[in-house]
There are 2 protein chains.
Amino acid sequence: MSADEPRWLNDEERESWLALVSMLIRLSAALDTQLQRDAGISHFEYQVLSGLSMSPERTLRMSELALFADGSLSRLSHVIKRLEKRGWVYRTPDPADGRYTLAVLTDAGWEKVVATAPGHVAEVRRLLFDPLTKAQQRQLREIGHRVNSAIGPDEACPNQQS
Amino acid sequence: MSADEPRWLNDEERESWLALVSMLIRLSAALDTQLQRDAGISHFEYQVLSGLSMSPERTLRMSELALFADGSLSRLSHVIKRLEKRGWVYRTPDPADGRYTLAVLTDAGWEKVVATAPGHVAEVRRLLFDPLTKAQQRQLREIGHRVNSAIGPDEACPNQQS
DNA sequence: AGGAGACGCTTGAACCGTCAAGCGACAACA
DNA sequence: TGTTGTCGCTTGACGGTTCAAGCGTCTCCT
(Lines give C-alpha, C1' and ligand atoms only; values in the text may rest on other atoms or scores of the structure.)
Protein backbone atom coordinates (compact mmCIF):
# COMPACT_ATOMS: atom_id res chain seq x y z
CA MET A 1 0.00 0.00 0.00
CA SER A 2 2.57 2.61 -1.00
CA ALA A 3 1.59 6.25 -0.97
CA ASP A 4 0.60 8.98 -3.40
CA GLU A 5 -0.89 6.89 -6.17
CA PRO A 6 -2.81 9.22 -8.44
CA ARG A 7 -6.32 8.33 -7.27
CA TRP A 8 -6.19 6.38 -4.07
CA LEU A 9 -9.31 5.54 -2.09
CA ASN A 10 -10.12 7.73 0.89
CA ASP A 11 -11.51 6.29 4.10
CA GLU A 12 -15.14 6.74 3.16
CA GLU A 13 -14.68 5.14 -0.20
CA ARG A 14 -12.70 2.35 1.33
CA GLU A 15 -15.47 1.61 3.76
CA SER A 16 -18.11 1.72 1.02
CA TRP A 17 -16.01 -0.60 -1.00
CA LEU A 18 -15.43 -3.18 1.72
CA ALA A 19 -19.10 -3.10 2.63
CA LEU A 20 -20.13 -3.58 -0.95
CA VAL A 21 -17.68 -6.37 -1.70
CA SER A 22 -18.84 -8.17 1.39
CA MET A 23 -22.47 -7.65 0.47
CA LEU A 24 -21.77 -8.84 -3.05
CA ILE A 25 -20.28 -12.10 -1.94
CA ARG A 26 -22.54 -12.84 0.97
CA LEU A 27 -25.77 -11.94 -0.80
CA SER A 28 -24.89 -14.18 -3.72
CA ALA A 29 -24.07 -16.96 -1.30
CA ALA A 30 -27.28 -16.46 0.67
CA LEU A 31 -29.48 -16.59 -2.42
CA ASP A 32 -27.68 -19.68 -3.65
CA THR A 33 -28.07 -21.34 -0.28
CA GLN A 34 -31.81 -20.68 -0.09
CA LEU A 35 -32.45 -22.04 -3.58
CA GLN A 36 -30.24 -25.05 -3.07
CA ARG A 37 -31.90 -25.88 0.22
CA ASP A 38 -35.53 -25.31 -0.79
CA ALA A 39 -35.49 -26.23 -4.45
CA GLY A 40 -32.30 -28.13 -5.16
CA ILE A 41 -31.13 -25.72 -7.86
CA SER A 42 -28.43 -23.09 -8.10
CA HIS A 43 -29.10 -19.39 -8.50
CA PHE A 44 -27.89 -19.58 -12.07
CA GLU A 45 -30.25 -22.44 -12.84
CA TYR A 46 -33.06 -20.43 -11.30
CA GLN A 47 -32.25 -17.46 -13.48
CA VAL A 48 -32.31 -19.69 -16.53
CA LEU A 49 -35.67 -21.25 -15.70
CA SER A 50 -37.16 -17.95 -14.64
CA GLY A 51 -35.85 -16.24 -17.77
CA LEU A 52 -37.54 -18.83 -19.95
CA SER A 53 -40.74 -18.63 -17.94
CA MET A 54 -41.02 -14.91 -18.63
CA SER A 55 -40.42 -15.22 -22.36
CA PRO A 56 -43.06 -15.55 -25.08
CA GLU A 57 -43.66 -19.22 -25.85
CA ARG A 58 -41.40 -19.93 -22.87
CA THR A 59 -38.66 -20.04 -25.45
CA LEU A 60 -35.36 -18.23 -25.91
CA ARG A 61 -32.26 -18.60 -28.01
CA MET A 62 -29.27 -19.88 -26.09
CA SER A 63 -27.33 -16.68 -26.66
CA GLU A 64 -30.20 -14.46 -25.50
CA LEU A 65 -30.67 -16.63 -22.45
CA ALA A 66 -26.97 -16.48 -21.63
CA LEU A 67 -27.10 -12.70 -21.78
CA PHE A 68 -30.15 -12.55 -19.55
CA ALA A 69 -28.67 -14.91 -17.00
CA ASP A 70 -25.29 -13.15 -17.04
CA GLY A 71 -23.37 -16.29 -17.89
CA SER A 72 -21.15 -17.60 -20.64
CA LEU A 73 -22.59 -19.59 -23.48
CA SER A 74 -20.46 -22.53 -22.49
CA ARG A 75 -21.73 -22.47 -18.95
CA LEU A 76 -25.29 -22.22 -20.19
CA SER A 77 -24.78 -25.15 -22.52
CA HIS A 78 -23.62 -27.39 -19.69
CA VAL A 79 -26.45 -26.23 -17.45
CA ILE A 80 -29.14 -26.72 -20.07
CA LYS A 81 -27.87 -30.24 -20.58
CA ARG A 82 -28.45 -30.92 -16.89
CA LEU A 83 -31.86 -29.23 -16.87
CA GLU A 84 -32.79 -31.27 -19.92
CA LYS A 85 -31.96 -34.46 -18.03
CA ARG A 86 -34.22 -33.31 -15.23
CA GLY A 87 -37.04 -32.80 -17.72
CA TRP A 88 -37.49 -29.06 -17.25
CA VAL A 89 -36.19 -27.88 -20.60
CA TYR A 90 -35.57 -29.17 -24.08
CA ARG A 91 -33.58 -27.87 -27.01
CA THR A 92 -34.48 -27.61 -30.65
CA PRO A 93 -32.79 -25.93 -33.60
CA ASP A 94 -34.29 -22.60 -34.61
CA PRO A 95 -36.34 -23.33 -37.74
CA ALA A 96 -35.53 -19.83 -38.98
CA ASP A 97 -31.75 -20.26 -38.71
CA GLY A 98 -30.15 -23.60 -37.99
CA ARG A 99 -27.22 -22.02 -36.17
CA TYR A 100 -29.39 -20.87 -33.31
CA THR A 101 -30.61 -23.30 -30.68
CA LEU A 102 -33.90 -22.63 -28.96
CA ALA A 103 -34.27 -23.55 -25.32
CA VAL A 104 -37.86 -24.29 -24.36
CA LEU A 105 -39.37 -24.64 -20.88
CA THR A 106 -41.43 -27.80 -20.45
CA ASP A 107 -44.62 -27.97 -18.38
CA ALA A 108 -42.64 -29.62 -15.61
CA GLY A 109 -40.16 -26.76 -15.80
CA TRP A 110 -42.97 -24.23 -15.51
CA GLU A 111 -44.27 -26.04 -12.46
CA LYS A 112 -40.81 -25.94 -10.96
CA VAL A 113 -40.58 -22.18 -11.39
CA VAL A 114 -44.04 -21.65 -9.95
CA ALA A 115 -43.16 -23.80 -6.96
CA THR A 116 -39.81 -22.13 -6.40
CA ALA A 117 -40.40 -18.45 -7.04
CA PRO A 118 -42.39 -17.48 -3.93
CA GLY A 119 -39.79 -18.75 -1.50
CA HIS A 120 -37.02 -17.13 -3.43
CA VAL A 121 -38.83 -13.82 -3.66
CA ALA A 122 -39.46 -13.94 0.06
CA GLU A 123 -35.75 -14.36 0.68
CA VAL A 124 -34.88 -11.47 -1.62
CA ARG A 125 -37.37 -9.35 0.22
CA ARG A 126 -36.08 -10.37 3.61
CA LEU A 127 -32.41 -9.80 2.86
CA LEU A 128 -32.56 -6.93 0.41
CA PHE A 129 -35.70 -4.81 0.66
CA ASP A 130 -36.93 -5.13 4.20
CA PRO A 131 -33.75 -3.67 5.74
CA LEU A 132 -33.90 -0.62 3.45
CA THR A 133 -36.00 2.52 3.44
CA LYS A 134 -38.07 3.41 0.39
CA ALA A 135 -35.53 6.06 -0.51
CA GLN A 136 -32.70 3.57 -0.29
CA GLN A 137 -34.55 1.14 -2.51
CA ARG A 138 -34.88 3.90 -5.08
CA GLN A 139 -31.22 4.77 -4.75
CA LEU A 140 -30.24 1.17 -5.07
CA ARG A 141 -32.06 0.87 -8.36
CA GLU A 142 -30.34 3.95 -9.68
CA ILE A 143 -26.96 2.76 -8.41
CA GLY A 144 -27.48 -0.58 -10.07
CA HIS A 145 -28.21 1.04 -13.38
CA ARG A 146 -25.24 3.36 -13.20
CA VAL A 147 -22.76 0.69 -12.22
CA ASN A 148 -24.14 -1.68 -14.80
CA SER A 149 -23.66 0.81 -17.56
CA ALA A 150 -20.19 1.64 -16.26
CA ILE A 151 -19.30 -2.02 -16.51
CA GLY A 152 -20.46 -1.77 -20.06
CA PRO A 153 -22.62 -3.90 -22.25
CA ASP A 154 -20.50 -6.99 -21.88
CA GLU A 155 -17.21 -6.09 -20.32
CA ALA A 156 -17.67 -8.44 -17.42
CA CYS A 157 -19.61 -11.11 -19.23
CA PRO A 158 -17.19 -13.61 -20.65
CA ASN A 159 -19.77 -14.35 -23.31
CA GLN A 160 -17.53 -13.85 -26.23
CA GLN A 161 -14.97 -16.56 -26.67
CA SER A 162 -11.19 -16.32 -27.06
CA MET B 1 -45.60 -16.57 -11.54
CA SER B 2 -49.03 -17.19 -9.98
CA ALA B 3 -50.82 -14.33 -8.29
CA ASP B 4 -51.61 -13.07 -4.78
CA GLU B 5 -48.67 -14.50 -2.89
CA PRO B 6 -48.55 -12.80 0.49
CA ARG B 7 -45.69 -10.40 -0.25
CA TRP B 8 -44.99 -10.33 -3.93
CA LEU B 9 -42.56 -7.87 -5.47
CA ASN B 10 -44.02 -4.79 -7.10
CA ASP B 11 -42.59 -3.38 -10.32
CA GLU B 12 -40.19 -1.01 -8.65
CA GLU B 13 -38.84 -3.67 -6.36
CA ARG B 14 -38.59 -6.07 -9.23
CA GLU B 15 -36.53 -3.62 -11.21
CA SER B 16 -34.30 -2.87 -8.23
CA TRP B 17 -33.81 -6.54 -7.74
CA LEU B 18 -32.91 -7.37 -11.33
CA ALA B 19 -30.55 -4.41 -11.45
CA LEU B 20 -28.88 -5.48 -8.25
CA VAL B 21 -28.54 -9.13 -9.15
CA SER B 22 -27.03 -8.17 -12.45
CA MET B 23 -24.67 -5.70 -10.78
CA LEU B 24 -23.76 -8.34 -8.22
CA ILE B 25 -22.73 -10.88 -10.78
CA ARG B 26 -21.15 -8.59 -13.30
CA LEU B 27 -19.19 -6.55 -10.79
CA SER B 28 -17.76 -9.69 -9.23
CA ALA B 29 -16.85 -10.94 -12.67
CA ALA B 30 -15.31 -7.64 -13.70
CA LEU B 31 -13.11 -7.44 -10.62
CA ASP B 32 -12.03 -11.05 -11.08
CA THR B 33 -11.24 -10.41 -14.72
CA GLN B 34 -9.09 -7.37 -14.01
CA LEU B 35 -7.08 -9.15 -11.34
CA GLN B 36 -6.67 -12.29 -13.39
CA ARG B 37 -5.55 -10.33 -16.41
CA ASP B 38 -3.20 -7.87 -14.70
CA ALA B 39 -1.91 -9.94 -11.78
CA GLY B 40 -2.76 -13.57 -12.45
CA ILE B 41 -4.69 -14.00 -9.22
CA SER B 42 -8.36 -14.37 -8.35
CA HIS B 43 -10.34 -11.83 -6.38
CA PHE B 44 -10.40 -14.20 -3.44
CA GLU B 45 -6.65 -14.60 -3.54
CA TYR B 46 -6.33 -10.83 -3.65
CA GLN B 47 -8.53 -10.48 -0.61
CA VAL B 48 -6.38 -12.99 1.22
CA LEU B 49 -3.11 -11.28 0.36
CA SER B 50 -4.52 -7.83 1.00
CA GLY B 51 -6.02 -8.95 4.31
CA LEU B 52 -2.65 -10.20 5.47
CA SER B 53 -0.91 -7.06 4.24
CA MET B 54 -3.13 -4.91 6.44
CA SER B 55 -2.61 -6.98 9.59
CA PRO B 56 -0.03 -6.44 12.28
CA GLU B 57 3.05 -8.54 11.57
CA ARG B 58 1.38 -9.35 8.23
CA THR B 59 0.02 -12.34 10.08
CA LEU B 60 -3.45 -13.70 10.71
CA ARG B 61 -5.01 -16.90 11.97
CA MET B 62 -6.60 -18.99 9.26
CA SER B 63 -10.04 -18.62 10.77
CA GLU B 64 -9.77 -14.84 11.07
CA LEU B 65 -8.53 -14.61 7.53
CA ALA B 66 -11.39 -16.76 6.26
CA LEU B 67 -13.87 -14.46 7.96
CA PHE B 68 -12.25 -11.38 6.50
CA ALA B 69 -12.16 -12.82 3.01
CA ASP B 70 -15.73 -14.12 3.22
CA GLY B 71 -14.77 -17.68 2.41
CA SER B 72 -14.91 -21.07 4.01
CA LEU B 73 -12.00 -22.39 6.00
CA SER B 74 -11.66 -25.25 3.57
CA ARG B 75 -11.44 -22.94 0.61
CA LEU B 76 -8.89 -20.81 2.37
CA SER B 77 -6.82 -23.86 3.20
CA HIS B 78 -6.65 -24.87 -0.46
CA VAL B 79 -5.87 -21.33 -1.56
CA ILE B 80 -3.14 -20.82 1.03
CA LYS B 81 -1.53 -24.02 -0.16
CA ARG B 82 -1.36 -22.55 -3.68
CA LEU B 83 -0.13 -19.17 -2.45
CA GLU B 84 2.51 -20.99 -0.42
CA LYS B 85 3.74 -22.74 -3.57
CA ARG B 86 4.03 -19.36 -5.26
CA GLY B 87 6.13 -18.10 -2.36
CA TRP B 88 3.80 -15.34 -1.18
CA VAL B 89 2.73 -16.86 2.11
CA TYR B 90 3.81 -19.42 4.63
CA ARG B 91 2.09 -21.20 7.49
CA THR B 92 3.25 -21.83 10.99
CA PRO B 93 1.49 -23.14 14.08
CA ASP B 94 0.46 -20.50 16.60
CA PRO B 95 3.01 -20.77 19.44
CA ALA B 96 0.28 -19.71 21.87
CA ASP B 97 -2.12 -22.49 20.87
CA GLY B 98 -1.12 -25.29 18.57
CA ARG B 99 -4.61 -25.67 17.16
CA TYR B 100 -4.42 -22.34 15.39
CA THR B 101 -2.44 -21.91 12.21
CA LEU B 102 -0.91 -18.57 11.43
CA ALA B 103 -0.71 -17.43 7.83
CA VAL B 104 2.15 -15.02 7.23
CA LEU B 105 2.80 -12.81 4.22
CA THR B 106 6.33 -13.11 2.86
CA ASP B 107 8.29 -10.20 1.43
CA ALA B 108 7.51 -11.46 -2.05
CA GLY B 109 3.83 -11.54 -1.10
CA TRP B 110 4.04 -7.97 0.12
CA GLU B 111 5.62 -6.94 -3.16
CA LYS B 112 2.84 -8.67 -5.00
CA VAL B 113 0.18 -6.72 -3.10
CA VAL B 114 1.99 -3.44 -3.63
CA ALA B 115 2.28 -4.16 -7.33
CA THR B 116 -1.32 -5.25 -7.69
CA ALA B 117 -3.30 -2.89 -5.49
CA PRO B 118 -3.13 0.33 -7.54
CA GLY B 119 -4.56 -1.26 -10.67
CA HIS B 120 -7.26 -2.96 -8.71
CA VAL B 121 -8.21 0.17 -6.83
CA ALA B 122 -8.36 2.04 -10.11
CA GLU B 123 -10.80 -0.54 -11.45
CA VAL B 124 -12.95 -0.33 -8.34
CA ARG B 125 -12.99 3.41 -8.71
CA ARG B 126 -13.82 3.29 -12.37
CA LEU B 127 -16.66 0.80 -12.07
CA LEU B 128 -18.07 1.64 -8.69
CA PHE B 129 -17.36 5.17 -7.51
CA ASP B 130 -16.90 7.26 -10.61
CA PRO B 131 -20.41 6.58 -11.89
CA LEU B 132 -21.99 7.60 -8.57
CA THR B 133 -22.67 10.91 -6.91
CA LYS B 134 -21.27 11.62 -3.46
CA ALA B 135 -24.73 11.08 -2.00
CA GLN B 136 -25.06 7.74 -3.69
CA GLN B 137 -21.69 6.63 -2.39
CA ARG B 138 -22.90 7.47 1.09
CA GLN B 139 -26.14 5.60 0.51
CA LEU B 140 -24.29 2.63 -0.84
CA ARG B 141 -22.22 2.37 2.28
CA GLU B 142 -25.32 2.49 4.44
CA ILE B 143 -27.11 -0.02 2.22
CA GLY B 144 -24.16 -2.36 2.43
CA HIS B 145 -24.18 -2.23 6.19
CA ARG B 146 -27.91 -2.82 6.46
CA VAL B 147 -27.99 -5.71 4.03
CA ASN B 148 -24.94 -7.25 5.62
CA SER B 149 -26.53 -7.21 9.03
CA ALA B 150 -29.77 -8.58 7.57
CA ILE B 151 -27.84 -11.50 6.17
CA GLY B 152 -26.60 -11.99 9.67
CA PRO B 153 -23.21 -12.62 11.17
CA ASP B 154 -22.61 -15.78 9.22
CA GLU B 155 -25.81 -16.91 7.61
CA ALA B 156 -24.34 -16.82 4.16
CA CYS B 157 -20.82 -17.74 5.05
CA PRO B 158 -20.46 -21.48 5.05
CA ASN B 159 -17.63 -21.11 7.49
CA GLN B 160 -18.93 -23.49 10.05
CA GLN B 161 -18.77 -27.09 9.00
CA SER B 162 -21.49 -29.77 8.96
C1' DA C 1 -22.43 -23.21 -57.66
C1' DG C 2 -18.46 -23.14 -54.72
C1' DG C 3 -15.20 -21.56 -51.33
C1' DA C 4 -14.00 -18.56 -47.34
C1' DG C 5 -15.24 -16.75 -43.34
C1' DA C 6 -18.41 -15.53 -39.59
C1' DC C 7 -21.54 -17.11 -36.27
C1' DG C 8 -23.83 -19.96 -32.65
C1' DC C 9 -23.22 -23.61 -30.03
C1' DT C 10 -21.05 -27.88 -28.04
C1' DT C 11 -17.46 -30.64 -26.08
C1' DG C 12 -13.72 -32.46 -23.07
C1' DA C 13 -9.98 -31.38 -20.07
C1' DA C 14 -8.13 -28.69 -16.47
C1' DC C 15 -9.08 -26.04 -12.65
C1' DC C 16 -11.42 -24.48 -8.51
C1' DG C 17 -14.79 -24.72 -4.62
C1' DT C 18 -17.67 -27.56 -1.66
C1' DC C 19 -18.71 -31.31 1.25
C1' DA C 20 -17.90 -34.70 4.66
C1' DA C 21 -14.61 -37.20 7.09
C1' DG C 22 -10.65 -37.12 9.85
C1' DC C 23 -6.41 -35.39 12.19
C1' DG C 24 -3.75 -33.21 16.01
C1' DA C 25 -3.90 -29.92 19.88
C1' DC C 26 -6.09 -28.28 23.83
C1' DA C 27 -9.53 -28.16 27.97
C1' DA C 28 -12.39 -30.24 31.49
C1' DC C 29 -13.29 -33.69 34.44
C1' DA C 30 -12.67 -38.09 36.81
C1' DT D 1 -2.94 -39.01 34.12
C1' DG D 2 -6.36 -40.83 31.30
C1' DT D 3 -10.49 -40.05 28.83
C1' DT D 4 -13.81 -37.47 26.58
C1' DG D 5 -15.18 -33.63 23.94
C1' DT D 6 -14.30 -29.49 21.45
C1' DC D 7 -11.87 -26.70 18.36
C1' DG D 8 -9.12 -25.34 14.27
C1' DC D 9 -7.53 -26.97 10.31
C1' DT D 10 -6.50 -30.23 6.42
C1' DT D 11 -7.52 -33.61 3.04
C1' DG D 12 -9.54 -36.15 -0.99
C1' DA D 13 -13.41 -36.96 -3.77
C1' DC D 14 -17.01 -34.93 -6.18
C1' DG D 15 -19.50 -31.45 -8.96
C1' DG D 16 -19.53 -27.21 -11.46
C1' DT D 17 -17.13 -23.50 -14.32
C1' DT D 18 -13.81 -22.04 -17.52
C1' DC D 19 -10.95 -22.37 -21.40
C1' DA D 20 -9.66 -23.58 -25.97
C1' DA D 21 -10.66 -26.24 -29.80
C1' DG D 22 -13.93 -27.87 -33.02
C1' DC D 23 -18.46 -28.77 -35.34
C1' DG D 24 -22.37 -27.49 -38.28
C1' DT D 25 -24.95 -23.72 -40.38
C1' DC D 26 -25.41 -19.62 -42.77
C1' DT D 27 -23.66 -15.42 -45.59
C1' DC D 28 -20.98 -13.15 -48.75
C1' DC D 29 -18.34 -12.87 -52.70
C1' DT D 30 -16.72 -14.54 -57.19
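The basis for the numbers below is simple: all heavy atoms, side chains too, and nothing from hydrogens, waters or symmetry mates. Below, chain A is the first sequence line, B the second, and so on; all start at residue 1.
- When distances run from any side-chain atom of B/Arg75 to the nucleotides C/dG17, D/dT17, D/dT10, the shortest one goes to C/dG17.
- In this model, a side-chain donor or acceptor of B/Ser74 finds a partner on the base of C/dC19 within 3.5 Å.
- Across the protein-nucleic acid pair, A/Arg91 atom CZ and C/dC9 atom P stand 10 Å apart, rounded to whole Å.
- In this structure, NE2 of A/His43 is placed 17 Å from P of D/dG16, rounded to the nearest angstrom.
- In this structure, B/Leu83 atom CG and C/dC16 atom P are separated by 11 Å, rounded to whole Å.
- Under 4.0 Å is where a charged nitrogen must lie from a carboxylate oxygen, and between B/Glu142 and B/Arg138 no such pair does.
- Spacing between atom CG of B/Leu73 and atom C1' of D/dG8 amounts to 7 Å, rounded to whole angstrom units.
- The shortest distance between the side-chain N/O atoms of A/Ser72 and the OP1/OP2 oxygens of D/dT18 is below 4.0 Å.
- A straight line from CG of A/Asp70 to P of D/dT17 spans 14 Å, rounded to a whole angstrom.
- Using a 4.0 Å heavy-atom cutoff across all strands shown, B/Arg82 reaches sugar-phosphate atoms only and no base atom.
- For A/Arg141 and B/Glu13, the salt-bridge test fails: no basic side-chain N is under 4.0 Å from an acidic carboxylate O.
- The distance between atom CD of A/Glu64 and atom P of C/dG8, rounded to the nearest whole Å, is 10 Å.
- In this structure, B/Leu76 places its CG atom 10 Å from C1' of D/dC9, rounding to the nearest Å.
- When each of A/Asp94 and B/Gln36 is assigned the nucleotide of DNA chain D with its nearest heavy atom, B/Gln36 is the one assigned upstream, toward the 5' end.
- Note on B/Glu84 versus B/Lys81: no salt bridge recorded, every NZ/NE/NH1/NH2 to OD/OE distance being 4.0 Å or above.
- As rounded to whole Å, 13 Å separates atom P of C/dC16 from atom CD1 of B/Ile41.
- Distances shown here put a side-chain N or O of B/Lys81 below 4.0 Å from the OP1 or OP2 atom of D/dT11.
- Counting only heavy atoms from C-beta on, A/Arg99 has its side chain closest to C/dG8 among D/dT6, C/dG8, D/dT10.
- Side-chain contact check for B/Gln36 and B/Asp32: no donor-acceptor pair (N or O, by modelled atom type) lies under 3.5 Å.
- Comparing A/Asp97 and A/Glu45 by the nucleotide of DNA chain D that holds the closest heavy atom to each, the one mapping nearer the 5' end is A/Glu45.
- Relative to the side chain of A/Val79, the nucleotides C/dA6, D/dT6, D/dT17 differ in distance, and D/dT17 lies closest.
- Contact of A/His78 with D/dG15 (side chain to base): no donor-acceptor pair of N or O atoms is detected under 3.5 Å.
- In this model, no side-chain donor or acceptor of B/Ser77 finds a partner on the base of D/dT11 within 3.5 Å.
- Remark on DNA chain C: of its neighbouring residues B/Phe44 and B/Ala96, the 5'-side contact belongs to B/Phe44, judged by nearest-heavy-atom nucleotide.
- Note that CG of A/Leu105 and CG of A/Leu52 are 5.5 Å apart. Values are rounded to the nearest 0.5 Å.
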